[in-house]
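Proteins get letters first, then strands, A, B, ... in listed order; numbering begins at 1 in each.
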Amino acid sequence: MTREVVIDPITRLEGHGKIDIFLDATGNVEKAFFQVPELRGFEKFVVGRPAEDMPQITSRICGVCPTAHHMAATKALDDLYKVEPPSAAKKIRELVYSAFVVEDHALHFFFLGGPDFVVGPTAPKAQRNILGVLSKVGLEIGREVISVRKQLRDLISLAGGKVIHPVFGLPGGISKALTPQDQEQFIAGAERAVKFGLFCLEIFQDVVLKNKQYVETITSETYTHKTYYMGLVDDQNRVNFYDGQLRVVDPNGKEFLQFKVQDYLNHIAEHVEPWSYIKFCYLKDVGWKGFVDGPESGVYAVAPLARLNAAEGMATPKAQEAYKEFYKTLGGKPVHHTLANHWARLIELLYAAERMQELANDPEITSPNVRTIPTATPKEGIGVVEAPRGTLIHHYQTDERGIITKANLIVATQNNAARIAMSVDKAARGVIRGGKIDDGILNLVEIAFRAYDPCHGCATHALPGQMPLIVRVYDNHRNLVREIRRD
Amino acid sequence: MSEQWEPRIVAFFCTWCTYTAADLAGISRMTYAPNARIVRVMCSGRIDPQFVLKALADGADGVLIGGCHPGDCHYQAGNYKALRRYILLKRVLTEMGIEPERVRLEWISASEGDRVQKVMNEMAEQIRKLGPLQLERPSQPHRLLAKEFEVIAVRGGAR
Amino acid sequence: MSKPKVGFYWCASCGGCEEAVVDLAEDILKIVEAVEIAFWPVALDFKRADVEAMKDGELAACFVNGAIRTSEQEEMAELLRKKSKLLIAFGSCSHLGGVPGLANLWDRQAIFDYVYKEAPSVTNPEGVVPQERLQLGSNGYALTLPSFRDSVRTLDQTVEVDYYLPGCPPPVKLIANAVAAILEGKLPPKGTVLAPDKALCEECPRKPTKPDKLALTELKRPHQIQIDSQKCLLAQGLLCLGPATRSGCGAPCVSANMPCTGCLGPTSRVKDYGAKALSAIASLIDAEDEKEIARLMEQIVDPVGTFYRYSLPASLLHRRVKKSGGAQA
Ligand code: SF4
Ligand code: SF4
Ligand code: SF4
Ligand code: FES
């Protein structure tokens with residue numbers, strides 16, 4: 001006899017995420033299902049559209065990370081037309097992309113995931129929000145966060161046309177060059193971003209790492225999974241958001257694979273379950289063995305922690321320092337603690353800020369030469385970037401006029417879906433014992449998946465962001481005995 | 001569909017040529033399929049593609065557009081304008097899952113009453129073959145589809 | 001005196017409209033001072049039950065973004081309609097159906113088949129497809145997923161709407177103006193789109209370079225040419241939809257040297273944006289020979305996706321009834 005607990009919906013409101021937990025007769029967890037209940041079908045309805053419209057159409061998958069889709073699509077177009085953008089164009093793309101990573105990671109840390117830690121994982125829910133963060137770190141800091149984000153978002157608009165759904169990406173380059181005045185603004189923004197990045201890490205040190213109880217939670221078994229990790233790396237195996245090869249390390253941290261994104265179909269496959277609209281990615285080389293971890297299972301993770309694990313370092317000096325500190329503190333590579341994602345995210349934020357600074361100061365970015373007109377006949381193109389929430393792949397096939405005939409998207413949260421499902425399952429097992437269920441389960445289960453910053457807007461083309469919860473508890477006769485709700 | 005179904009056709013005819021031709025056909029007692037409701041417009045160039053969509057949305061199974069022969073348009077190039085819109089509109093309709101044969105454009109001069117007869121009969125036959133056009137209505141169409149629109153169409157396309 | 005209560009809600013949304021509200025940044029603080037935000041799930045912890053407990057019309061205004069796809073979204077739209085004096089469709093998706101509305105070119109079945117069976121990365125030999133109701137394995141796990149309508153609909157195809165804020169997402173300036181107008185009670189007649197009722201070309205910085213009579217002899221796609229960063233895009237042969245689109249955004253796309261794709265939708269006299277845009281472009285083609293016209297029109301490679309990029313569900317035709325295949329709504 002099993003009993004059922006439903007946590008529904010996980011995403012922000014009605015119908016965007018759901019967890020069903022089945023208890024056995026003794027009240028322990030028998031099985032938990034992480035469900036994503038929406039699908040919008042972008043892959044289907046982009047068929048028939050001109051390839052060059054993809055950067056703008058696919059950005060509508062998610063208004064929180066439109067720049068990631070825009071950029072993955074634009075890079076897929078480079079590949080489709082086999083065209084190399086001028087160096088200035090590539091630099092400007094990466095510059096804009098770096099600004100985006102900084103502001104998006106900042107959003108997550110302060111508004112979405114951070115409250116769990118800055119305020120505390122077991123703090124009353126009324127305090128676990130941005131206001132709680134502000135009361136802990138001070139109001140001026142809150143103003144600073146808002147103002148830094150605004151500055152960076154304005155910079156993205158300046159180069160990209162709009163910050164929510166940019167328009168500047170074209171095969172072979174970008175639509176508009178930067179002026180020297182634009183460059184000055186980017187330099188100023190970058191400088192501020194670097195300071196901000198250092199400052200965020202300081203907060204993390206003070207508020208989280210100095211608190212023994214938090215550190216224990218982070219490193220506890222309940223929030224640990226030994227899986228493979230994947231991320232983009234440059235030619236020296238350092239983290240890169242914009243370009244490079246995909247590198248996969250095994251659960252012992254050893255390089256398992258390194259491949260060009262054009263080969264992704266040889267290494268990444270998607271598994272379908274009848275109980276969720278999301279598809280579950282796994283490593284083809286290992287195979288789908290179900291929702292289990294370890295080297296025998298093809299389940300892998302992406303996003304900040306995975307990227308750090310999959311790389312051998314950071315390409316900028318301050319971030320590299322932080323990277324070393326991270327592994328020293330957490331006991332060497334790889335780190336398997338899901339909650340370490342929060343720390344990893346801030347290290348990445350600093351890296352992106354430093355990278356932004358390098359690029360902003362590059363004299364080449366004011367070059368007027370930002371377009372190479374494609375001449376090849378299009379057929380197939382694949383592009384990849386590291387979205388803030390993980391590896392994002394766009395793959396298009398077209399007819400000879402460049403009209404999409406087939407599209408395939410592997411989005412960040414899908415890569416993580418299996419591990420998220422496992423994390424939820426494990427967290428549930430960890431906190432539900434002998435049928436005892438209280439409001440605390442909400443916090444603890446929620447924390448398990450929020451560390452990934454899962455974006456169901458991307459994964460299902462539904463909604464990103466903060467997630468409401470409903471827990472439904474069923475006895476072993478399937479009668480509803482309890483409902484806990486947090487919309 | 002029930003046997004009683006009869007194709008409903010809306011015909012937008014230019015007053016200078018096709019509409020006159022239809023009159024002529026009437027006077028000459030030429031009989032043709034009675035399925036069309038004729039809307040007189042000043043010139044085929046005045047037929048906004050929205051009129052065509054509106055006619056279909058309001059229950060027409062087909063739309064016929066009649067204008068002066070190339071070179072004969074009273075307003076010089078109105079019929080070319082109509083032709084350009086028509087070609088593009090047909091592609092849009094096809095992609096939206098509507099058979100392009102439901103919309104037809106014909107050049108019929110004032111003297112060609114017999115062509116009106118022929119085209120009307122062909123059109124009715126064509127639509128009969130295609131069957132009724134069933135459009136899904138939004139369950140509660142609160143965007144009240146423009147009474148003023150009706151007026152425009154009946155008045156004959158003047159804006 | 002108590003402050004007027006305001007709500008924000010999203011249906012099938014990408015989240016961009018929510019971000020746009022957050023992008024009001026400093027302005028939002030002014031708004032917060034003047035109103036009481038009584039419902040905004042993304043930022044504040046109020047529940048549906050709180051809304052249900054409100055008196056009818058208790059919310060002075062409620063802004064709803066995203067299109068309508070599920071039964072839950074229909075229910076929320078109806079609930080918020082009841083509780084709000086003013087219901088405002090916020091953003092293209094809510095206003096006209098938005099980019100995801102292009103899904104109406106297919107039905108649910110076609111989307112499912114592709115996503116779960118045909119996509120190249122899927123390994124699914126048994127043809128498993130997500131089920132709305134499911135009894136899994138011998139352990140008797142009963143699982144459900146929400147069902148989805150076959151079509152995407154606009155907000156006003158679901159409930160009555162008082163005002164519209166156009167754009168994908170709505171420009172920050174228009175949001176601020178709308179809120180100010182509501183607070184001051186200076187609202188135009190019901191049904192108005194809260195943006196200037198002029199074509200985008202009127203506020204476009206390139207307008208001086210737009211010839212009075214355009215006669216296009218060749219149409220171009222943005223990736224095919226080096227785009228002149230000063231000259232009217234339409235005059236360069238690019239399908240800039242400025243002439244058919246409402247102004248109010250400040251033409252940011254044109255400023256980034258890309259054509260307007262029409263996210264603000266039509267001006268007030270136009271009922272069907274796509275048909276209008278199509279007509280506007282067709283009128284500019286300089287050809288009289290049928291073959292030549294056809295050749296030029298072929299250069300518009302995707303008329304539906306171009307002219308109905310943001311407004312397919314709001315098209316006068318709505319959509320064809322499914323003959324087969326698609327599960328019915
Ligand atoms: S209107 Fe645009 S920004 Fe708003 S939800 Fe729709 S796609 Fe996103
Ligand atoms: S057509 Fe486009 S570029 Fe030209 S004036 Fe209008 S909005 Fe500006
Ligand atoms: S220029 Fe056009 S597409 Fe761009 S924001 Fe304005 S209305 Fe929307
Ligand atoms: S006057 Fe008959 S088509 Fe123009």
Go through the atoms of Ile174(A) and report whether side chain, backbone, both or neither lie under 4.5 Å from a heavy atom of chain C.
neither
Side-chain contact test, heavy atoms from C-beta onward, threshold under 4.5 Å: evaluate it for Ser229(C) versus Lys176(A) and give yes or no.
no
Between Val83(A) and chain C, with a heavy-atom cut-off of 4.5 Å, which part of the residue counts as in contact: side chain, backbone, both or neither?
neither
What part of Ile57(A) gets closer than 4.5 Å to chain C, counting heavy atoms only: side chain, backbone, both or neither?
both
In terms of heavy-atom pairs under 4.5 Å with chain C, the winner among Leu265(A), Val163(A), Ile268(A) is Leu265(A)
Check the pair Trp106(C) / Val47(A) against side chain to side chain contact (heavy atoms under 4.5 Å, CB included), numbers first and verdict last.
CA-CA 10 Å; Trp106(C) 283 271; Val47(A) 169; 4.2 Å; yes
Evaluate the side-chain proximity of Ile373(A) to Gln226(C): yes if any heavy-atom separation is below 4.5 Å, no if none is.
yes
Are Pro222(C) and Leu170(A) packed together at the side-chain level, in the sense that at least one heavy-atom pair is separated by less than 4.5 angstrom?
yes
Intermediate values then yes/no, salt bridge (charged side-chain N to carboxylate O under 4.0 Å, His left out), Glu19(C) and Arg153(A):
CA-CA 11 Å; Glu19(C) 285 270 346; Arg153(A) 288 173 72 81; 3.2 Å; yes
Which one wins on heavy-atom pair count under 4.5 Å against chain C: Gly173(A), Pro50(A), Pro171(A)?
Pro50(A)
So, the part of Leu102(C) with a heavy atom under 4.5 Å from chain A: the answer is both
Lys162(A) side chain vs Cys168(C) backbone, donor-acceptor pair below 3.5 Å
yes
Looking at Arg401(A), His395(A), His271(A), which has the largest count of heavy-atom pairs under 4.5 Å with chain C?
Arg401(A)
Name the region of Ala177(A), side chain, backbone, both or neither, that has any atom closer than 4.5 Å to a heavy atom of chain C.
neither
Glu126(C) versus chain A, the contacting section by heavy-atom distance below 4.5 Å
neither
Flag the one option from Cys281(A), Gly160(A), Gly402(A), Ser175(A) with the top tally of heavy-atom pairs under 4.5 Å to chain C.
Ser175(A)
Is the shortest heavy-atom distance from the side chain of Ile410(A) to the side chain of Ser121(C) under 4.5 Å?
yes
Is the backbone N or O of Ala407(A) less than 3.5 Å from a side-chain atom of Tyr114(C), with the two atoms forming a donor-acceptor pair by type?
yes
Do Lys44(A) and Val115(C) have side chains that get closer than 4.5 Å, going by heavy atoms?
no
Are Tyr310(C) and Arg60(A) close enough that some pair of their side-chain heavy atoms sits under 4.5 Å apart?
yes
Checking side chain to side chain contact (heavy atoms under 4.5 Å, CB included) between Lys279(A) and each of Thr123(C), Asn124(C), Val122(C), which is the one that passes?
Val122(C)
From CD1 (Ile164(A)) to CG (Asp23(C)), nearest 0.5 Å
4.5 Å
Test side chain to side chain contact (heavy atoms under 4.5 Å, CB included) applied to Tyr116(C) and Val272(A), step by step:
CA-CA 7 Å; Tyr116(C) 297 113; Val272(A) 181; 3.8 Å; yes
Among Pro100(C), Gly127(C), Cys249(C), Cys263(C), residue most engaged with chain A (heavy-atom pairs, under 4.5 Å):
Pro100(C)
pair Val99(C)-Phe42(A): side-chain heavy atoms closer than 4.5 Å
yes
Contact origin within Arg371(A) toward chain C - heavy atom pairs under 4.5 Å
both
Going through the distances and angles, do Met258(C) and Gln56(A) end up as a side chain to side chain contact (heavy atoms under 4.5 Å, CB included)?
CA-CA 11 Å; Met258(C) 287 291 275; Gln56(A) 291 189 42; 3.8 Å; yes
Residue, of Ala103(C), Cys253(C), Ala119(C), that accumulates the most heavy atom pairs under 4.5 Å with chain A
Ala103(C)
State, yes or no, whether a side-chain contact exists between Arg309(C) and Arg49(A) at a heavy-atom distance under 4.5 Å.
no
Heavy-atom pair of closest approach, residues Val167(A) and Ala256(C):
CG2-CB, 3.7 Å
Between Tyr81(A) and His223(C), does the side chain to side chain contact (heavy atoms under 4.5 Å, CB included) criterion hold? Intermediate values first, please.
CA-CA 10 Å; Tyr81(A) 284 99; His223(C) 68 290; 3.1 Å; yes
